[in-house]
Every structure is written in C-alpha cells, then in structure tokens.
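Shown next, in structure tokens, is the structure this report addresses.
Order of the sequence lines sets the chain letters (A, B, ...), proteins ahead of strands, with each chain counted from 1.
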Protein chains: 2
Amino acid sequence: MGRPDRTRRTLLDAAVVVLSKDSAASLSAVAEHAGVGRTTLHRYFPTRELLIRALVEDALDRVAEAIASAHPDEGPVVDALQRVTDTVVPLGPSLSFLHAEPEVYNARDLIRRWYEALEPVAEAIERGQADGSLRADLPVKWVVDAYAGAILTAWDTADEGRIWLQDAPRLVMTTIVHGVATPQDTP
Amino acid sequence: MGRPDRTRRTLLDAAVVVLSKDSAASLSAVAEHAGVGRTTLHRYFPTRELLIRALVEDALDRVAEAIASAHPDEGPVVDALQRVTDTVVPLGPSLSFLHAEPEVYNARDLIRRWYEALEPVAEAIERGQADGSLRADLPVKWVVDAYAGAILTAWDTADEGRIWLQDAPRLVMTTIVHGVATPQDTP
DNA sequence: TCCAAATGGGACATTCCCGTTCCAGAACGG
DNA sequence: CCGTTCTGGAACGGGAATGTCCCATTTGGA
C-alpha cells in the first residue's frame with residue numbers, strides 16, 4: 001500500500017470523526033484533524049461533495065462487510081445478532097456520520113443502500129420470527145431500525161463517557177433482545 | 001395571545017423541523033418554511049446563535065413539561081414509562097433537533113440540562129430496579145439513553161414512513177421493556 | 001544517491017450566508 | 001376610520017468557506 005493510499009485512508013478516517021460530530025464542519029477542520037494540508041485534501045477529494053460521497057461509500061462498505069463477516073445467516077438468531085453487534089459497534093463513527101449527514105437523509109438512493117447493507121440483519125430477524133426465537137408481533141422494519149439505533153446510541157453514550165465502550169455490545173444485546181424488565185414480569 | 005407571540009411560535013416550530021433535518025440549514029430556508037420574511041425572523045431572533053438558544057430552551061422545556069405531565073413517579077414503573085412514552089413521542093422534532101445540533105453536542109451545560117430534563121425518567125428507572133420490576137444488571141444511565149434513543153428512532157422511522165406514528169409508543173414500549181425475543185426464551 | 005511523486009503553504013477569486021438598514025405596505029386595535 | 005404596530009422586500013457590507021493555482025520543499029522508492 002503506497003503513500004497515496006495511506007493518505008487517502010487517513011483523510012477518510014479523520015473526516016468521518018470530525019463530520020460525525022458536526023456535519024457542517026469546515027474542510028480546514030477536517031484537514032487539520034488529519035494532520036494534512038488543505039491543499040492535499042482537495043487533491044484527493046476535489047470538492048466537498050465528492051468527499052461526502054466517498055465517505056458514504058466507505059461507511060456503507062464497512063457496515064456491509066462487518067455484517068457479512070459475522071455470518072448472520074448461521075446458527076441461532078440471537079447468537080448471530082450477538083456476533084453482528086460485536087463487529088458493528090466499533091464502526092460507531094461511520095454509523096454516526098451516516099446518521100448525521102443531511103446528504104444521506106435527503107437522498108432516496110442512499111437511504112435505500114443503507115437498508116440494503118442491513119438486509120442480512122433483516123433476514124436474520126425474519127428467520128428468528130419464523131423459528132419462534134423472536135416475537136412475531138413486531139414489524140421487521142421496526143426491529144431493524146431499533147437494533148441499529150441501539151448500536152448507535154451505545155456508541156454515542158460511550159463517546160460521552162456514560163458507559164464503557166467494552167460494555168456496549170452486552171448492553172445492546174441485553175436491552176434489545178430481553179428488554180429492561182425483569183424476565184419474570186414478561187407476560 | 002397577540003400577533004407577535006403567534007409569529008414567534010410559528011418561527012420556532014418551523015425552525016425545529018428544518019434544523020432537525022439539516023442543522024446547517026440557512027436562515028432563509030427557515031424563514032421560507034415558516035412562511036415569513038427573513039427580515040421578520042431576524043426581528044425575533046437577531047442572530048442565528050440566539051435562534052438556536054431559543055430552540056434549545058423551547059425543546060428542553062417541552063420535554064421536561066411532557067415528562068412531568070405524565071407523572072413518572074406514580075404507580076407501577078412500566079405504566080409510568082408508558083405514559084411518558086405517549087407524551088414524549090409527539091415531541092420527535094424537538095428531540096431530533098437536540099440530537100442533531102452540534103451546539104448541544106459540544107456544550108457541557110446543555111448536555112447537563114438535557115439529562116436534568118430526563119432526571120424524572122432516571123428516577124423512575126431506579127425505582128423500577130429497586131422494586132424488582134426492572135432488571136438491575138443494567139446501568140441506569142444506559143437505560144435512560146437507550147429509552148430516549150428508542151423514542152427518537154421511532155420518530156425517525158415513522159418520519160421515513162417505515163412504521164405508523166400511531167404505533168410508535170407501543171413498539172417502543174414492547175421493544176425496550178420486553179425485548180424482541182419471545183418471552184419463553186428470556187432466561 | 002537521485003529523481004519522480006507527493007506534500008504544504010500562500011495567495012486569489014468566487015460564492016454563500018449573515019446581520020443591518022431603510023422604506024413602503026398590510027394588519028390589527030381602539 | 002385612523003394610527004400604531006408589524007411585516008416583507010430590496011439592497012449592502014462583512015466574513016467565512018470553497019475551489020484553484022503556483023512554487024518551494026519533503027518524502028520515498030529505484
């Protein structure tokens with residue numbers, strides 16, 4: 001991997017962190033956070049628009065890859081979701097960026113691609129509802145969003161120092177799968 | 001209530017909708033969405049900073065008032081949370097705005113005030129953990145964030161048309177309280 | 001070591017948004 | 001019905017961010 005590739009990677013990583021906390025942050029701020037001159041940033045991403053697009057692509061790729069690597073179609077559904085959670089939580093900045101970026105919010109095709117990336121999770125949830133391990137009185141679309149939202153919340157909460165990041169996967173799984181009530185009280 | 005009060009209310013309502021979807025939206029966009037001239041907007045809120053502050057105050061007040069009106073300190077905790085959910089879900093735009101606004105994210109005191117507004121919820125959760133109706137192996141801070149996050153997610157999901165807004169409170173409560181697994185599988 | 005590639009800084013024009021001012025017209029209340 | 005208040009449009013200066021160019025310097029590989 002040559003120098004250009006490393007610089008590009010550095011820029012993408014810095015940009016996702018900065019822009020996830022302020023989607024309107026200036027390109028100067030991004031370049032500075034990456035330890036790179038603003039000129040160099042423009043050399044790799046000529047316009048802000050192109051930088052955003054590249055970040056979205058990168059984030060979607062990472063999420064899709066992380067989910068795939070967890071093999072959500074294998075084994076008991078709850079175990080599968082546990083594996084997905086473990087691999088996706090570290091992608092917090094990318095999730096946070098996708099969620100904060102207005103470009104994503106207002107572009108139909110990008111929303112569609114987000115849910116395409118989550119499709120294996122949706123299938124796992126359907127599988128769970130079919131085999132009786134997940135309750136079937138909740139819309140799959142809702143469960144997908146609630147699950148993804150919980151992961152995002154966990155990242156944000158850890159980022160604010162209210163929980164430890166290492167606890168995040170367990171908290172997400174316990175809360176989403178079993179709920180916050182005591183088991184006995186669940187009718 | 002005179003004309004100025006109504007105009008101010010119109011502006012606040014329009015601004016929270018526009019800025020919740022794009023925290024960097026221009027004041028022209030806000031004024032246009034409110035059906036008001038940009039001059040008038042500046043007459044009520046001289047600077048963008050002051051508009052943001054007023055929006056934050058308004059959002060925090062609404063959340064605190066909605067929670068208080070649900071009397072989260074009375075009756076069974078799960079019932080109390082149900083009442084809070086019912087009253088808070090309609091505040092989606094305000095929650096979304098608070099969550100998206102970088103000004104809030106980066107200001108210690110505003111974060112503190114957000115959690116102060118949620119304090120009655122935190123107390124209800126503590127009460128539930130103490131009386132055995134809620135599981136005690138989850139940090140209260142996490143439960144508060146997960147709960148608020150679920151309400152926000154439900155609003156966003158309804159806004160995208162993936163669920164009906166009228167179903168949101170039930171979905172939030174079922175998911176957060178009981179989880180998405182079938183009751184029998186909860187150990 | 002040497003050369004090509006990559007980088008960083010400075011300078012510049014452009015564009016967009018903000019905040020202000022002025023003035024004419026509309027709306028509301030007495 | 002009249003006058004006070006509120007509103008909307010136009011115009012302007014200032015400032016910040018963007019995108020572009022040029023050139024000196026550094027870096028890393030052959």
How many whole angstroms separate atom [atom1] of [X] from atom [atom2] of [N]?
| X | N | atom1 | atom2 | value |
| --- | --- | --- | --- | --- |
| B:His42 | D:dC12 | NE2 | C1' | 14 Å |
| A:Arg6 | D:dG28 | CZ | C1' | 9 Å |
| B:Phe45 | C:dT20 | CZ | P | 15 Å |
| B:Glu49 | C:dG19 | CD | P | 9 Å |
| B:Glu32 | D:dG8 | CD | C1' | 14 Å |
| A:Ile52 | D:dA17 | CD1 | C1' | 14 Å |
| A:Leu41 | D:dG19 | CG | P | 10 Å |
| A:Asp5 | C:dA6 | CG | P | 10 Å |

Of the options [options], whose atoms approach the side-chain atoms of [X] most closely?
| X | options | answer |
| --- | --- | --- |
| A:Arg43 | C:dG8, D:dA17, D:dT20 | C:dG8 |
| B:Tyr44 | D:dT18, C:dG19, D:dC6 | D:dC6 |
| A:Thr39 | D:dC21, C:dG19, D:dG8 | D:dC21 |

Check your understanding: Going by modelled atom types, is there a donor-acceptor pair between the base of C:dG19 and the side chain of B:Arg38 at under 3.5 Å?
Key ->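 Counting by modelled atom types and ignoring angles, a donor-acceptor contact under 3.5 Å is found here.
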**Study point:** Flag if over 12 foreign heavy atoms under 6.0 Å of CD, B:Glu123
**Key:**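 Correct, the count exceeds 12.
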Practice item. Answer yes if the side chains of A:Tyr115 and B:Glu160 hold a donor-acceptor pair under 3.5 Å, and no otherwise. Key: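 Yes, side-chain donor-acceptor contact under 3.5 Å.
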Point to revise | A:Arg8 to A:Phe45, cation-pi by 6.0 Å centre distance and 45° axis angle | key: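 Not satisfied by the 6.0 Å and 45° rule.
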Point to revise | 5'-most by nearest nucleotide on DNA chain C - A:Thr40 or B:Leu27 | key: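 Comparing both residues, the 5'-ward one is A:Thr40.
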Point to revise | Shared hydrophobic cluster, A:Val16 / A:Leu60 (ILVMFWY, side-chain heavy atoms < 4.5 Å) | key: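 Yes, it is one cluster - the side chains of A:Val16 and A:Leu60 are joined through contacts under 4.5 Å.
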